[in-house]
Amino acid sequence: MDDYAGGLAIHPMDQFVVSPLFGHGDVGMFTITNATLWMALSVLCVIALMVWGTRGRAVIPSRSQSIAELAYGFVRGMVEDVAGKDALPYFPYIFTLFLYILFANFLGLFPTSFTTTSHIAVTAILAMAVFLTVTVIGFVKNGIGFLSLFWVSSAPLVLRPVLAIIELISYFVRPVSHSIRLAGNIMAGHAVLKVFAGFAGALGLAGIAPIIGIVAIYGLEVLVAAIQAYVFTILTCVYLKDALHPAH
């Protein structure tokens, strides 16, 4: 927030700027940036929970082991319920995706932090990895029969070619919607928080209303952080189910 031409200027998108972690200048291919730092912290959090937090393997689990076991059971149940038991060999990949996105979302809620999942460059890579993985699995498991995913055999014959084109387009749009949904929700919430914070700072003692709004939105953002990790993961399970069982 700053004063500009005698008025109030709030820049909610400044928090999403990728900048060098050390020094100043342009961001190159091998530049260590604030995004690099917070992605690394997300990975370290996953390792800390699943390796350090469960190192005791206690019959009566510690708090960290309980959290790890609950997360494990939750995602395993999701994979089995949505994609079937034959999808369980791919559970480690889906579980890693869930934990990484969850920690990246939650770390982004800390003041002065950087939310990596608010960037389409990050979420697009995650979505493309899912898209390519399930496509390869579909052809490896079913061969040319994977193409039956696009042929709606239950529809009238005259409509099947049209529906096949629609199914094909919707299939290739998957990584776009998969990535934008996560990045858009996270970015929108953080931008609104920044706007309310700017109003609260400008109003001084009269900023109680924006502060109440910030608290409410922050609580909503905590919920969104968890829900978006869940949505990304369950959509991955749905896509995996289509790859394993392509027939309509």
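Not measured: the values here are computed from a predicted model.
Judged by distance alone, with hydrogens and angles left aside, the side-chain atoms of Asn105 form no donor-acceptor pair with the main-chain N or O of Glu221 at under 3.5 Å. Between the Tyr218 side chain and the Leu109 main chain, a donor and an acceptor come within less than 3.5 Å of each other. Distance alone, capped at 3.5 Å, is enough to place a donor-acceptor pair between the Arg160 side chain and the Ala155 backbone. Judged by distance alone, with hydrogens and angles left aside, the side-chain atoms of His190 form a donor-acceptor pair with the main-chain N or O of Gly108 at under 3.5 Å. A donor-acceptor pair under 3.5 Å is absent between the side-chain atoms of Ser118 and the main chain of Met187, judged by distance alone. The main-chain N or O of Trp38 is never found under 3.5 Å from a side-chain atom of Thr116 such that the two would form a donor-acceptor pair.
Thr133 places none of its side-chain heavy atoms less than 4.5 Å from the side chain of Tyr90. Counting only heavy atoms from C-beta outward, the side chains of Tyr93 and Val130 approach each other to under 4.5 Å. Two residues are said to be in side-chain contact when any heavy atoms from C-beta on lie closer than 4.5 Å; Phe103 and Val43 fail this criterion. Gln228 places none of its side-chain heavy atoms less than 4.5 Å from the side chain of Ile101. Counting heavy atoms from C-beta on, the side chains of Asn185 and Ile227 never come closer than 4.5 Å.
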Yes or no on side chain to side chain contact (heavy atoms under 4.5 Å, CB included) for Lys141 and Asp86, after CA distance, side-chain angles and deciding distance? CA-CA 11 Å; Lys141 291 289 185 181; Asp86 48 349; over 6 Å; no
Evaluate the criterion side chain to side chain contact (heavy atoms under 4.5 Å, CB included) for residue pair Leu107 and Ser113; output intermediate values, then yes/no. CA-CA 7 Å; Leu107 286 175; Ser113 66; 5.8 Å; no
Could you please spell out the steps behind the side chain to side chain contact (heavy atoms under 4.5 Å, CB included) verdict for Phe114 and Val18? CA-CA 9 Å; Phe114 183 86; Val18 177; 3.9 Å; yes
Test side chain to side chain contact (heavy atoms under 4.5 Å, CB included) applied to Thr135 and Arg174, step by step: CA-CA 11 Å; Thr135 301; Arg174 281 180 176 182; over 6 Å; no
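Annotation: the span from Met78 atom CE to Ile94 atom CD1 amounts to 9.0 Å, rounded to 0.5 Å. To the nearest 0.5 Å, atoms CG (Leu97) and CG (Leu102) are separated by 12.0 Å. With rounding to the nearest 0.5 angstrom, the CG atom of Leu49 is 7.5 Å from the OG1 atom of Thr54. Atom CD of residue Gln65 and atom CG of residue Leu70 lie 10.5 Å apart, to the nearest 0.5 angstrom. One finds the CZ atom of Arg76 at 5.0 Å from the CG atom of Leu88 (value rounded to the nearest 0.5 Å). In this structure, CZ in Phe106 is found 12.5 Å from OG1 in Thr115, a value given to the nearest 0.5 Å.
In this structure, His178 and Phe232 approach most closely via the heavy-atom pair NE2-O, 3.1 Å. What you find for Phe98 and Ala229 is that their closest heavy atoms are CD1-O, 3.7 Å. Pro175 and Phe131 make their closest contact through CD-CD1, 3.7 Å (heavy atoms, listed as atom of the first residue, atom of the second, distance). When all heavy atoms are compared, the tightest approach of Ser179 to Thr123 is O-OG1, 3.2 Å. Annotation for Pro20 and Val27: closest pair CD-CG2, 3.9 Å, computed over non-hydrogen atoms. Nearest heavy atom pair, residue Ala121 against residue Ile125, reads O-CG1, 3.2 Å.
Transitive grouping of hydrophobic side chains (ILVMFWY, heavy atoms separated by less than 4.5 Å) brings Leu132 and Phe150 into a common cluster. Under the 4.5 Å side-chain heavy-atom criterion for Ile, Leu, Val, Met, Phe, Trp and Tyr, Leu99 and Phe110 are members of distinct hydrophobic clusters. No chain of hydrophobic side-chain contacts below 4.5 Å, direct or via other Ile, Leu, Val, Met, Phe, Trp or Tyr residues, connects Val140 to Leu149. Follow the hydrophobic side-chain contacts under 4.5 Å out from Val134 and you reach Leu235 in the same cluster. Cluster membership check: Ile47 does not share its hydrophobic cluster with Leu37, using side-chain heavy-atom separations under 4.5 Å among Ile, Leu, Val, Met, Phe, Trp and Tyr.
The closest side-chain donor-acceptor pair between Thr33 and Thr31, if any, does not fall under 3.5 angstrom. Side-chain atoms of Thr236 and Thr233 form no donor-acceptor pair, as typed in the model, at a separation below 3.5 Å.
The number of heavy atoms from other shown groups lying within 6.0 Å of CZ (Arg55) is above 12.
Classification of the Phe146-Tyr171 ring pair by plane angle, with boundaries at 30° and 60°, yields perpendicular.
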